[in-house]
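Just passing along the structure, written as structure tokens.
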Amino acid sequence: MRNSGLMYDPKKEEINGIPEEMEFLPASNQKNLEKRSLKERMLPVVVVIVVALLALMIGLLVWHFHFRPDDRIKKMYNGYLTIANKQFTEELEDSDSKAFKQLAATVEEMLENTYMEMDEVAPYYVRSTVTAFSEGSVIAYYWLECQVPPENAAELDEAIQAISLSKSGRSQLGVSKSLRIDELVVESADPRKVKPPKDKSCFFDLHALPGKVGTFTSPGFPNSPYPANSWCQWVIRADPHHILELKFVTFDLEKICHNDFVVVYDSLSPIEKREITERCGIYPPTNALKLISSRNVMLVTLMTDDDENYPGFKAVFRQLPERGECNELLEGSGNISSPYYPAYYPPQADCTWTLRVSSGKHVKVIFKVFLLQNPGKDGTCKDYVEINSKRICGEKPRMVELGNKNEMTVRFRSDSAESFRGFFATFEPYDPSKPCPEEFACNNGRCIQLGLKCDGWNDCGDNSDEIGCVCTSEQFRCGTGLCKSKFWVCDGVNDCGDNSDEANCECEPEEMKCSNGKCIPQVQKCNLVDECGDRSDEKDCKNDESTVTCTDHTYKCKDGSCIRKKNPECDMTQHCADGSDEKNCACGSRPYKHSRIVGGMDAEVGEWPWQVSLHFKGHGSTCGASVISESWLVSAAHCFQDGQGVRYSAPHNWLAYLGLHIQHQLNDQVEKRNIKQIIVHEQYNPQMFDNDIALLELAHPVTFTSVIQPICLPDGSHNFPVGKSTWVTGWGATSENGAGAKVLQKAEIRIIKRAVCDDLLSSAVTSRMLCAGYLSGGIDACQGDSGGPMSSVEENGKVFLAGIVSWGDGCARKNKPGVYTKVSEFRQWIKQHSGV
């Protein structure tokens, strides 16, 4: 047995004591031996590390491709393209037809090839889906879906957008041998308006029939509100060579468009470039939406959220013959208007009128209505009227354009999106030597009465009637050279434009003097509003909303504390610690959308839903009133004073009509109520009309609707400053001693300084009255308006009852403004007697 412990074989012959077969390594190889030994020891470690790294890399790859959360976002685009070498057939209207499916598949393949060849799009492309076809030769509407990391989304948007903007982009569409594409429009879809392309859960396909009117409604209308979280589409088509007219007979949606809204497109794809309008809120029949398409298709969509569902809409549609060339030669005199006026003008309209009058005369055009799309941020007009070598857009008041010869060209142009009501104008000849016979010719072409020149009022609209005037003894010369009535000097309003009429004024004891010389009520100092115009009233103030010492001019919260903020009630911001300034604010709202009394104009249905017509039995409309709650109205005390054997004070002799618009035209929106009791202010002075206020309790409460709403009552501290514009409404006489109006009238007036009115009127104007109107006359309340509201629209849209129509010297006389009961002075009296 071998002894493993022996280092050599003892049987071997030894030479000089050393075994013959034993060898020694040279001393220099010792380090190599150690290194080789170290490498041998490290090799397994290295192998383990490499294997571990490989395993980690494989694990990361597996995690990345199979388990890593996908942070990419879905991006949807919509658009349309025109196929020039195909003809539209009726089968292509039906998405289930063989022809539709075949052409859709061809277009989708072409789109996929196109986008996959774009380096900026291919990594994110998912699919293209064709949803509809229409004439022209064939227009295909489609959705494009991509998946993209958030950091690359903007880059993808640019790449997609480029294909519809550049000619080189369009050339990329020639990848299909069977399709020739003339046009492609595509853009990023509004996330609010994205719906799965194949979702037909609330989809309706409609076709207008010759000579017939079609109808459709929102789901559930009129028996129930539209459902929550809806996304509904109505595809409407007309015959070839026709366009569509769409009118919303009833429209009642939530007033915040971000939540519930209807969008109408001049297309079968919900693309912004073809959006005619987006609407929400409520529209009365007198201001109904009537829309026109530019081609034979239209798309209507309804989107709702999960809260506050409303009745919805009812719409009618019909087809109209396609208009030919929109170019006309008109001679003599006549009218011109945007296409289909008063309906909203269609997209892509281009009309030219050549107006010609007899030789020796020049052309005058008077725009009586001008409501076009406002200019863009860069000031460029998108829709415009071009006249006298200038483009005009936006919303304009009555406007006159004078030509310099007997022929004038007027052109109207609209883009592919965002329609408005348009314009209506007349044209006529005028003598260039006498543009306004027996009248004054303004520089802007208007003609005014000669007596209005140099009267201190901008009757022309461009001040040309007030330039170069010699001021009379009753007038003040402004620094601008204009002449203004001395009654306007130091009244707290910058009438001159350069504040020269408010400089160097002696302020009254209850007023403070601003650094610029203007006088303002002392109570307006430190109210967080720049009343002076130079902020001198807000200097050295502790301008916070912390509690302050209570006075008659500070707002008192329910907890008894008072705050500095001016007019804090119902401004949608809590100022009181207990939130009492934002309670009881279900008032002063006008559900209907609105467009922009002597000298007044017809109001819209429901524009002033607190307006009440009080009928004295056997006499018809006698006074006005305002709704302040389900059971209470507020009016003027002088309406209920007995006289000449007539008992105006007896409640049973009165009827109240709420929700009324036209006298004697009752409908299901109008509510008629008897009066239970009349409470006249106990200190009413019939000689001075002081404390001219009364409360009326209805025999039965009313239910608030879109045309019956309460107006907000101002707190005792609420300030309606001098110069503020307010509105007076009523069915009173349209001229002094004239007949009453049939349609509710509205007129804009401004509050006038009480001291000025006191000097002008035959009776004293007390602190419980507000004076308002225009010293030039022409606009005023009149007989029959008494007791009605003077409404003040605040910045947040809430409307407060600033005044009650009370008295005046005649109606709309020059230097004779109207006087109104100051409601804020009677806030506690109203609460004491009505609980409101």
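Here the structure is a predicted model, which is why all the values come from computation and not from measurement.
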Practice problem: State the OG-CD1 distance between S188 and I160, to the nearest 0.5 angstrom. | Solution: 9.5 Å
Practice problem: Taking atom types as modelled, find out whether Q611 and T729 have a side-chain donor-acceptor pair closer than 3.5 angstrom. | Solution: yes
Self-check item: Distance-only donor-acceptor check, side chains Y77 and D157, under 3.5 Å
Solution: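 Distance-only check passes for Y77 and D157.
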Exercise. For the pair K212 (side chain) and R318 (backbone), establish whether a donor and an acceptor sit closer than 3.5 Å, ignoring hydrogens and angles.
Key: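 Pair absent, no side-chain N/O of K212 close to backbone of R318.
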Quiz prompt | Over all atoms of both residues, closest heavy-atom pair of T304 and A228 | solution = OG1-C, 3.5 Å
Exercise. Would you name the heavy atoms of L633 and A656 that are closest together and state the gap between them?
Key: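 Between these two residues, the closest heavy atoms are CD1-CB, 4.0 Å.
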Exercise. Check whether any side-chain N or O of S416 sits under 3.5 Å from a backbone N or O of P347 as a donor-acceptor pair, and report yes or no.
Key: no
Quiz item: Taking the six-membered ring for Trp, are F420 and Y344 parallel (under 30°), tilted (30 to 60°) or perpendicular (over 60°)?
Solution: parallel
Self-check item: Pair Y80 + Y142: ring centers closer than 6.0 Å
Solution: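 Centroid separation for Y80 and Y142: 6.0 Å or greater.
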Self-check item: CG (N584) with more than 12 external heavy atoms under 6.0 Å
Solution: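 Incorrect, the count does not exceed 12.
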Quiz item: Do the ring planes of F313 and F216 sit parallel (below 30°), tilted (30 to 60°) or perpendicular (above 60°)?
Solution: perpendicular
Quiz item: Shorter than 2.5 angstrom, is that how the SG atoms of C712 and C570 come out?
Solution: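 No, because the SG atoms of C712 and C570 are not under 2.5 Å apart, which misses the disulfide cut-off.
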Practice problem: Apply the side-chain contact (heavy atoms from CB on, under 4.5 Å) test between R590 and each candidate in V707, I282, V799; give the one that qualifies. | Solution: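 Of the listed residues V707, I282, V799, the side-chain contact (heavy atoms from CB on, under 4.5 Å) partner of R590 is V799.
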Self-check item: Exam field: side chain S338 to backbone F423, donor-acceptor pair closer than 3.5 Å
Solution: yes
Quiz prompt | Any donor-acceptor N or O pair under 3.5 Å, side chains E794, S792 | solution = yes
Practice problem: For K200, look at atom NZ and say whether over 12 heavy atoms of other residues, nucleotides or ligands are found less than 6.0 Å away. | Solution: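 More than 12 within 6.0 Å, yes.
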Quiz item: Side chains of Q663 and S613: do they bring a donor and an acceptor to under 3.5 Å?
Solution: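 Distance-only check passes for Q663 and S613.
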Practice problem: Work out which heavy atom in E671 is nearest to a heavy atom in V702; give both atom names and the distance. | Solution: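 Shortest heavy-atom separation between E671 and V702 comes out as CB-CG1, 4.5 Å.
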Self-check item: K193: partners by salt bridge (Lys or Arg N to Asp or Glu O under 4.0 Å), with sequence neighbours left out
Solution: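 K193 satisfies salt bridge (Lys or Arg N to Asp or Glu O under 4.0 Å) with D190, E275, E278 once adjacent residues are dropped.
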Practice problem: Mark yes when over 12 heavy atoms from residues, nucleotides or ligands other than K742 sit less than 6.0 Å from its NZ; otherwise mark no. | Solution: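 Not more than 12 within 6.0 Å, no.
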Practice problem: Look up atom CG in L246 and atom CG in L291, then write down how far apart they are to the nearest 0.5 Å. | Solution: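 Here the rounded value is 5.5 Å.
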Self-check item: Check against side chain to side chain contact (heavy atoms under 4.5 Å, CB included), V728 and D785
Solution: CA-CA 9 Å; V728 60; D785 290 323; 5.5 Å; no
Quiz item: For P789 and A625, which heavy atoms make the closest approach, and how far apart are they?
Solution: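 For P789 versus A625, the nearest heavy atoms are CD-O, 4.1 Å.
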Practice problem: Check step by step if side chain to side chain contact (heavy atoms under 4.5 Å, CB included) holds for Q233 and L299. | Solution: CA-CA 7 Å; Q233 282 186 318; L299 176 66; 4.1 Å; yes
Quiz item: So, the side chain of T705 versus the backbone of I708: is there a donor-acceptor pair under 3.5 Å, distance only?
Solution: yes
Quiz item: Passes salt bridge (Lys or Arg N to Asp or Glu O under 4.0 Å), K98 versus E91? Steps please.
Solution: CA-CA 8 Å; K98 182 179 180 181; E91 284 184 283; over 6 Å; no
Quiz prompt | Contact summary for S629 and V627, nearest pair of heavy atoms | solution =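 Heavy atoms only, the tightest pair is O-CG1, 3.4 Å.
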Quiz item: From I271 CD1 over to Y265 OH, what is the distance, rounded to the nearest 0.5 angstrom?
Solution: 9.5 Å
Quiz item: Can you tell which of F100, F88, Y141 makes a ring-ring contact (aromatic ring centres under 6.0 Å, His included) with F133?
Solution: F100
Quiz prompt | side chain to side chain contact (heavy atoms under 4.5 Å, CB included) between D581 and Q574, intermediate numbers included | solution = CA-CA 7 Å; D581 56 314; Q574 180 178 322; 4.0 Å; yes
Quiz item: Measuring from H241:NE2 to L320:CG, what's the distance to the nearest 0.5 Å?
Solution: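 So the gap between those two atoms works out to 15.5 Å.
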Quiz item: Counting heavy atoms not belonging to E272, are there more than 12 under 6.0 Å from its CD?
Solution: no
Self-check item: Side chain Q745, main chain V743, donor-acceptor under 3.5 Å
Solution: yes
Practice problem: Using a strict cut-off of less than 4.0 Å between a Lys/Arg side-chain nitrogen and an Asp/Glu carboxylate oxygen, indicate whether K75 and E145 qualify as a salt bridge. | Solution: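 Judged by the 4.0 Å cut-off on N to carboxylate O distance, K75 and E145 do not form a salt bridge.
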Quiz item: Does the distance from a Lys or Arg side-chain N to an Asp or Glu carboxylate O, for D260 and K255, drop under 4.0 Å?
Solution: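 Here D260 does not pair with K255 in a salt bridge, since their nearest N and O are not under 4.0 Å apart.
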Quiz item: Within 45 degrees of the axis of the six-membered ring of Y384 and under 6.0 Å from its centre: does R391 put its NZ or CZ there?
Solution: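 Relative to the ring axis of Y384, which defines the angle, R391 lies inside both limits.
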Quiz item: Just checking, R192 and F261: is the charged tip under 6.0 Å from the six-membered ring centre and within 45° of the axis?
Solution: yes
Quiz item: Can you name the nearest heavy-atom pair linking I243 to A238, along with the distance?
Solution: O-CB, 4.2 Å
Quiz item: Roughly how far apart are I276 CD1 and S293 OG, rounded to 0.5 Å?
Solution: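 Atom-to-atom, I276:CD1 and S293:OG are 6.5 Å apart.
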Quiz item: Looking only at side chains, do H700 and E630 share a donor and an acceptor under 3.5 Å apart?
Solution: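 Side chains of H700 and E630: no pair found under 3.5 Å.
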Self-check item: Charged N-O contact under 4.0 Å between K382 and D415
Solution: no
Self-check item: Lys/Arg N to Asp/Glu carboxylate O, K273 vs E187, below 4.0 Å
Solution: yes
Quiz item: Just by modelled atom types, is the N296 backbone N or O under 3.5 Å from a matching donor or acceptor in the S134 side chain?
Solution: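 Flag not set: sc S134 to bb N296 has no pair under 3.5 Å.
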Quiz prompt | Under 3.5 Å: donor-acceptor pair, side chain of R673, backbone of P701 | solution = yes
Practice problem: Go through the steps to decide whether L268 and I139 satisfy the test side chain to side chain contact (heavy atoms under 4.5 Å, CB included), and finish with yes or no. | Solution: CA-CA 9 Å; L268 293 185; I139 300 176; over 6 Å; no
Quiz prompt | Thiol sulfurs of C280 and C257 closer than 2.5 Å | solution = yes
Quiz prompt | Aromatic plane relationship, F424 with Y341 - under 30° parallel, 30 to 60° tilted, over 60° perpendicular | solution =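 Taking F424 first and then Y341, their aromatic rings lie parallel (interplane angle under 30°).
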Quiz item: Between Y226 and W231, does the ring centre distance come in under 6.0 Å?
Solution: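 When the ring centroids of Y226 and W231 are compared, they turn out to be at least 6.0 Å apart.
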Exercise. Would you verify whether the NZ or CZ of R411 falls within 45 degrees of the ring axis of W353 while also being under 6.0 Å from that six-membered ring's centre?
Key: no
Quiz item: For D571, does its backbone N or O pair with a side-chain atom of E582 as donor and acceptor, under 3.5 Å?
Solution: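 Judged by distance alone, yes, a pair lies under 3.5 Å.
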Practice problem: Assess the side chains of S294 and D266: does a donor N or O sit below 3.5 Å from an acceptor N or O? | Solution: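 Looking only at side-chain atoms, D266 and S294 do form a donor-acceptor pair, the distance falling under 3.5 Å.
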Quiz prompt | Ring-face cation contact, F248 with R279, 6.0 Å cut, 45° max | solution =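 Geometry flag: not set, cation outside 6.0 Å or 45°.
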Practice problem: Would you indicate whether the side-chain heavy atoms of L253 and F251 approach each other to under 4.5 Å? | Solution: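 Yes; the side chains approach each other to less than 4.5 Å.
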Practice problem: Indicate yes or no for a side-chain donor-acceptor contact from S635 to the backbone of G624 under 3.5 Å, with no hydrogens or angles considered. | Solution: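 Yes, because the side chain of S635 sits within donor-acceptor range (under 3.5 Å) of the backbone of G624.
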Quiz item: Measuring from L614:CG to L655:CG, what's the distance to the nearest 0.5 Å?
Solution: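 Spacing of CG (L614) from CG (L655) equals 9.5 Å.
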Self-check item: Candidate pair Q319 and D239, rule side chain to side chain donor-acceptor pair (under 3.5 Å), full reasoning
Solution: CA-CA 8 Å; Q319 65 178 26; D239 292 339; 3.2 Å; yes
Quiz prompt | Side chain W731, main chain H661, donor-acceptor under 3.5 Å | solution = yes
